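The model shown is predicted, which means the values in this text are computed figures rather than measured ones.
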Amino acid sequence: MAKPADAATTTEEPKEQENHSPELDSKYRLILVAAQRSKQLQRGARPRVEMDSLRHKVTRIALEEVQRGMVHFSLLERV
């Protein structure tokens with residue numbers, strides 16, 4: 001299952017050395033990652049995109065962040 005990076009960690013690195021997430025290979029994975037990020041936003045994490053929070057719900061903000069590649073995640077191996 002995909003798991004987004006911690007929202008509290010805000011280290012900025014140059015784009016060349018950026019931690020690349022696996023590619024979003026399905027709409028299902030996109031929704032899973034966006035749902036986890038939405039939970040982080042609901043708990044007080046700061047949005048990574050400039051959107052009016054009064055006009056847009058946290059689910060829309062999270063989806064936009066994931067689509068822009070601003071949410072880093074990793075795939076966990078099943079044991």
Asks: Show the atom names and distances, to 0.1 Å, of all donor-acceptor pairs under 3.5 Å that link a side chain in residues 54-63 to residues at least two apart or in another chain.
Replies:
residue, atom, partner, partner atom, Å
Arg60, NH2, Glu64, OE1, 3.1

Asks: Mind checking the CD-CG spacing from Gln67 to Leu24? Nearest 0.5 Å is all I need.
Replies: 9.0 Å

Asks: Judged by atom type as modelled, is there a donor-acceptor pair below 3.5 Å linking the side chain of Glu65 to the main-chain atoms of Arg48?
Replies: yes

Asks: How about Met51 and Pro47: do any of their side-chain heavy atoms sit closer than 4.5 Å?
Replies: no

Asks: Please round to the nearest 0.5 Å and tell me the distance separating atom CD of Gln42 and atom CZ of Arg37.
Replies: 11.5 Å

Asks: Any side-chain heavy-atom pair from Leu32 and Phe73 closer than 4.5 angstrom?
Replies: no

Asks: The criterion is salt bridge (charged side-chain N to carboxylate O under 4.0 Å, His left out); which residues satisfy it with Asp25, sequence neighbours excluded?
Replies: Arg29

Asks: Check the hydrophobic clustering (I, L, V, M, F, W, Y; side-chain heavy atoms under 4.5 Å; chains of links allowed) and say if Val33 and Leu30 are grouped together.
Replies: yes

